[in-house]
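Note that these values count all heavy atoms, side chains included, but never hydrogens, waters or copies made by symmetry.
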Amino acid sequence: MATKARLIAKAFNITNGEASLKGQAARALTKVTNAVAADSNAATIDTFDGTTIRAAQYFITANTAGDSSHQAQQIYVTHNGDSATLVSYGTLLHNDVTIVSYDATIDGNDTISLVADPQISNGLKFSFERIDVEKV
């Protein structure tokens, strides 16, 4: 008898950590990364290829160097080839202080960037998981 996990994996054609809906061109790719913003200047913490990826979902945390404050949230990024936009959901704050805000940009080579703008004076550490949705 097949387990629920095996049935789900079969339905979504999951192999080697990659998933795709059977008969669909889109697939989800997961990327787990750590990044650092050394000071209070805005910094790119992740990029992806907009020629192949239409949208990305981030599960992201940021924390201060001494871990006295942290912030966790979900961010959705998409683009149309000319501009990149994002929306953020479920922001959770430790110490009720927003320590970072985010923006999305696109360059002439269709590289999409997630930009972190620290709202504090000392550096931040980031950890995130990104799920990509390919262009169809």
Side-chain angles (χ1 to χ4, degrees):
M1 180 175 202
T3 65
K4 284 184 181 180
R6 285 186 182 148
L7 291 173
I8 291 169
K10 185 176 180 181
F12 285 92
N13 196 23
I14 297 174
T15 57
N16 297 328
E18 294 184 3
S20 65
L21 294 174
K22 288 186 176 182
Q24 300 292 320
R27 73 171 188 229
L29 303 172
T30 301
K31 175 183 178 181
V32 179
T33 307
N34 294 307
V36 176
D39 52 32
S40 61
N41 295 319
T44 297
I45 59 171
D46 190 42
T47 61
F48 61 86
D49 182 359
T51 63
T52 59
I53 298 171
R54 172 59 67 200
Q57 177 184 19
Y58 290 88
F59 296 94
I60 189 166
T61 63
N63 62 281
T64 56
D67 201 23
S68 60
S69 294
H70 67 268
Q71 177 176 323
Q73 62 202 101
Q74 286 185 43
I75 299 172
Y76 296 94
V77 177
T78 189
H79 70 94
N80 64 5
D82 294 319
S83 63
T85 58
L86 68 75
V87 64
S88 177
Y89 293 100
T91 302
L92 301 172
L93 303 173
H94 177 74
N95 287 343
D96 296 327
V97 176
T98 299
I99 61 174
V100 63
S101 61
Y102 298 95
D103 195 11
T105 63
I106 185 170
D107 67 15
N109 296 320
D110 285 343
T111 298
I112 313 303
S113 299
L114 179 64
V115 179
D117 185 9
Q119 305 297 298
I120 59 173
S121 60
N122 60 341
L124 294 176
K125 296 178 184 177
F126 299 90
S127 179
F128 59 87
E129 180 176 296
R130 186 182 88 204
I131 300 172
D132 299 337
V133 179
E134 293 181 343
K135 283 185 169 182
V136 289

To check you understand the geometry: which heavy-atom pair defines the closest contact between Thr51 and Lys135, and what is its length? O-CD, 3.5 Å
Over all atoms of both residues, closest heavy-atom pair of Ser88 and Ile75: OG-CG1, 4.2 Å
Quick one: [atom1] on [X] to [atom2] on [Y], what's the gap to the nearest 0.5 Å?
X     : Y      : atom1 : atom2 : result
Phe59 : Ile131 : CZ    : CD1   : 5.0 Å
Ile60 : Glu129 : CD1   : CD    : 11.5 Å
Asp49 : Asp132 : CG    : CG    : 10.0 Å

Qualifying residues under ring-ring contact (aromatic ring centres under 6.0 Å, His included), relative to His79, sequence neighbours excluded: none
With sequence neighbours excluded, tell me which residues meet ring-ring contact (aromatic ring centres under 6.0 Å, His included) with Phe126. none
In one Ile/Leu/Val/Met/Phe/Trp/Tyr side-chain cluster, 4.5 Å: Leu93, Val100: no
Are Val115 and Ile120 connected in a single hydrophobic cluster, I mean Ile/Leu/Val/Met/Phe/Trp/Tyr linked by side-chain heavy atoms less than 4.5 Å apart? no
Tyr58 and Asp46: side chain to side chain contact (heavy atoms under 4.5 Å, CB included), yes or no, with the steps? CA-CA 10 Å; Tyr58 290 88; Asp46 190 42; 2.7 Å; yes
Counterpart residues, side-chain contact (heavy atoms from CB on, under 4.5 Å), relative to [X] (two or more places apart):
X     : value
Ala65 : none
Asp82 : Asn80
Thr85 : Thr78
Ser68 : Thr64

Can you confirm whether Arg54 sits close enough to Val136 that some side-chain heavy atom of one is under 4.5 Å from a side-chain heavy atom of the other? no
Compare all side-chain heavy atoms of Phe48 with those of Val77 and state whether any distance is below 4.5 angstrom. yes
Pair Glu134, Thr52 - check side chain to side chain contact (heavy atoms under 4.5 Å, CB included), show working. CA-CA 6 Å; Glu134 293 181 343; Thr52 59; 5.6 Å; no
Check the pair Leu124 / Ile99 against side chain to side chain contact (heavy atoms under 4.5 Å, CB included), numbers first and verdict last. CA-CA 8 Å; Leu124 294 176; Ile99 61 174; 3.9 Å; yes
Would a distance-only check, ignoring hydrogens and angles, find a side-chain to backbone donor-acceptor pair under 3.5 Å from Gln74 to Gly90? no
Check which hydrophobic residues are tied to Tyr76 through side-chain heavy-atom contacts below 4.5 Å, counting indirect links as well, and list them. Val87, Tyr89
Result block: side-chain N/O donor-acceptor pairs under 3.5 angstrom for residues 104-111, not counting sequence neighbours:
{"from": "Asp107", "atom 1": "OD1", "to": "Asn109", "atom 2": "N", "distance (Å)": "2.9"}
{"from": "Asp107", "atom 1": "OD1", "to": "Asp110", "atom 2": "N", "distance (Å)": "3.2"}
{"from": "Asp107", "atom 1": "OD1", "to": "Thr111", "atom 2": "N", "distance (Å)": "2.9"}

I need the full list of side chain to side chain donor-acceptor pair (under 3.5 Å) pairs touching residues 94-104, with sequence neighbours left out, sorted by first then second residue. Ser69-Asn95, Ser101-Gln119
